[in-house]
Each structure stands twice: as C-alpha cells, then as structure tokens.
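In this chain, residues are counted from 1 in sequence order. What you see is a predicted model, and the numbers here were worked out from it, not measured in a lab.
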Amino acid sequence: MNRTLNVGFAGTPEFARVALAKLIAAGYKVHLVLTQPDRPAGRGMKLQASPVKQLAQEHGMPVLQPLSLKKGEEAEQALHALKTAVHGQPLDVLIVAAYGLILPQTVLDAPRLGCLNIHGSLLPRWRGAAPIQRCIDAGDTETGVCIMQMEAGLDTGPVRLWRALPIEQNDTTSTLHDKLAVLGGDLLVEALDSLQAETLPLVPQPAVGVTYAEKITKAEGVINWARSAVELQRTLRAFDPFPGANTTWRGEPLKCFDPETVALAGLMGKPGEVLSVDSNGLEVQCGQGVLRIRTLQKAGSKRQPAQQVAQALGLQAGNQLGEHRSN
C-alpha cells in the first residue's frame with residue numbers, strides 16, 4: 001500500500017515509542033514529533049530524553065518539547081509547526097499516545113483530519129490516566145486498545161477502531177503494558193490505512209459503562225492485610241512495577257511482588273501474620289484467605305526471592321507485617 005497520509009506524532013514513554021516504531025516500519029512519513037521535555041533520571045539524575053525523542057532523533061525527525069500547549073511562546077511555536085509541517089501546509093493527522101500534556105481545541109483542530117489517540121482500554125471503561133493499573137486492580141478479565149478521535153473531553157471522543165485482549169491471571173501492569181503497546185501500534189497502522197482509504201468507522205461511545213482510571217498514587221501502594229487475598233493479589237499485580245505494593249517489617253519498607261492466592265481452610269492467624277517461609281515464598285494471612293508472595297524488595301535493593309530476603313531480615317512464621325486496619 002502506498003501510504004500517503006502526512007502524520008505527526010505526540011507521545012513520550014515506551015508505550016508511545018512502540019507505536020511510533022510501527023508507524024515508521026509501515027512506511028508512514030512522520031513530519032513532526034512532540035514529546036515531553038528531557039527529565040532527570042537514574043542515579044546521577046542526568047537529563048534523559050524520552051523513548052519517543054530517542055527514536056525520533058535516530059530517524060532524523062523534527063522534535064519539539066513544549067512545557068505546555070495551552071499558552072506561552074513554546075505553545076505558539078508548536079501550534080505553528082502543526083499548521084505548517086508539510087511544506088507549509090497542515091498535517092493530515094496527529095497521533096497522540098501517552099503524551100502527558102492536555103491538547104487545547106486549537107491543537108485538536110490544527111491537523112486536516114484531527115487527532116487520533118491510542119488508548120489502552122475498551123472505552124468508555126477506564127477513561128483517564130491509569131487504565132492498565134485500574135483494570136487489573138478491579139479484576140477485569142479483558143481489556144484492549146481503542147483508536148479514538150480526540151475531542152475536548154477526557155477520553156470522550158468517538159472510537160474509530162478497537163481490539164480486545166484477555167487479561168491473564170498472572171499479568172502485571174508491566175506485562176500487560178507491553179502487550180497493549182504492540183497491539184496499539186498494530187491497530188494504529190490499520191486505522192491509518194483505513195483513514196487513508198476513507199473507510200475508517202466513527203462510533204460514538206455509549207453513555208453507559210463509563211468508569212474513570214484515576215492516576216495511581218504512592219499512598220495506594222500500602223498493603224492493607226485486612227483485605228481479602230483475592231483483592232490483594234490483584235493489587236500487587238496492578239502496582240507492579242509502580243508504585244510497588246508495600247508493607248513494613250520492623251519499621252522498614254518491603255515491596256511485595258509475584259503474588260498468588262493459597263487455598264487454606266479457615267483463619268490461620270491475624271491479618272498480616274506470616275504463616276510460613278520456605279522456598280515457595282512467604283505466606284501471609286489476609287482478612288479472607290492467604291496470600292503467597294514469592295518476591296520481595298528491600299529499600300535500595302533489587303528484587304529477590306522472598307525466602308532469601310526473609311532470612312536476611314530474620315522474618316519468620318508468627319511475625320506480623322504492617323499494621324492491621326479494619327476496612
């Protein structure tokens with residue numbers, strides 16, 4: 001297929017980089033890339049370019065990094081670039097994927113065919129900032145990707161194309177993110193091909209089934225052992241890698257990963273009480289059921305097998321993790 005659409009791209013993290021790479025591989029001409037300003041990262045806190053910027057520079061694409069698209073000189077420069085990116089003419093379409101800035105109406109209207117967003121959920125479920133984490137934490141059995149025509153509301157625009165994806169029992173935010181990134185990139189190319197052929201559908205989102213995926217906070221990562229093992233198993237997966245579900249032992253934080261529920265009858269101890277430590281992991285009593293944690297991480301350390309960390313800390317059966325709180 002001769003891909004003639006003139007495309008711009010706005011995105012920042014790895015999720016967006018995968019989509020941009022798919023665009024490049026498909027042969028679409030990307031005339032302009034918008035991404036977040038370089039941020040301090042790593043132990044030395046040196047300024048680091050976003051994954052999208054790194055890929056764009058490898059391919060010689062023009063990159064702009066405005067702090068805002070709403071006001072200021074940088075916003076005006078970005079808007080001008082969108083309107084003149086193709087030999088003085090506007091882009092055909094701007095692709096937006098986990099960009100991190102709000103697009104005002106002037107930006108949404110700049111490309112000839114508007115802006116398409118790659119969203120990691122089956123809209124209208126999980127509109128907002130953290131759809132991957134929230135769908136796992138809520139116990140959803142499937143999610144997916146929508147290519148959405150952007151409008152001023154928060155993820156309220158009509159859906160142009162979508163694909164579902166099952167959520168596996170052991171999926172974490174990290175593993176599901178990677179699957180959705182690939183799916184999103186593939187679906188984007190399919191959507192652009194259909195857009196070029198003028199066969200891309202436009203389906204308004206239903207008014208029922210709307211949920212919001214609020215941004216994840218570090219405070220949410222504190223484990224409440226009074227919750228059920230089933231709920232906590234989902235939360236530990238949802239908060240892997242960020243912010244990491246955590247508890248405390250002797251006042252020191254411990255992040256908990258690789259959870260599974262254990263079929264044990266009755267209440268074996270108080271919520272938060274360690275029932276056993278062995279090569280299979282750390283078994284902890286919850287408000288209902290028992291949770292086995294196979295991997296732990298001390299502050300400033302790497303993830304290690306739970307038994308190894310427990311032995312180093314003197315953590316054993318009968319010890320109490322965290323603080324017991326009622327729901």
*Is the backbone N or O of K255 less than 3.5 Å from a side-chain atom of N246, with the two atoms forming a donor-acceptor pair by type?*
no
Taking side chain as C-beta onward, heavy atoms only, is W162 less than 4.5 Å from M148?
no
ring-ring contact (aromatic ring centres under 6.0 Å, His included) filter on Y99, not counting sequence neighbours, yields none
**Q.** R3 side chain near V189 side chain, heavy-atom distance below 4.5 Å
**A.** yes
>> With a 3.5 Å distance limit and no angle check, can you tell me whether Q304 reaches the backbone of V309 through a side-chain donor-acceptor pair?
In response: no
- Query: Within a radius of less than 6.0 Å around NE2 of H59, do more than 12 heavy atoms belonging to other residues, nucleotides or ligands occur?
  - Reply: yes
Margin query: Please determine whether the number of non-hydrogen atoms from other residues, nucleotides or ligands lying under 6.0 Å from atom CD1 of I102 exceeds 12.
Written below: no
Open item on the list: Check for me, please, whether L82 and M61 land in the same ILVMFWY cluster - side-chain distances under 4.5 Å, paths through other members count.
Closed with: no
Between E260 and R294, is there a salt bridge with N-O shorter than 4.0 Å? yes
Heavy-atom count check: over 12 atoms from other residues, nucleotides or ligands less than 6.0 Å from Q105 CD?
yes
So the side-chain hydrogen bond (donor to acceptor under 3.5 Å, both in side chains) pairs with at least one residue in residues 129-147 (sequence neighbours excluded) are R125-D140, W126-D140, R134-E220, D137-T235
Residue pairs passing the salt bridge (charged side-chain N to carboxylate O under 4.0 Å, His left out) test with at least one member in residues 50-61, sequence neighbours excluded, are D38-K53
- K179 versus L165: any side-chain heavy-atom pair under 4.5 Å? yes
* Heavy atoms, side chains only, cut-off 4.5 Å: are T173 and I216 in contact? -> no
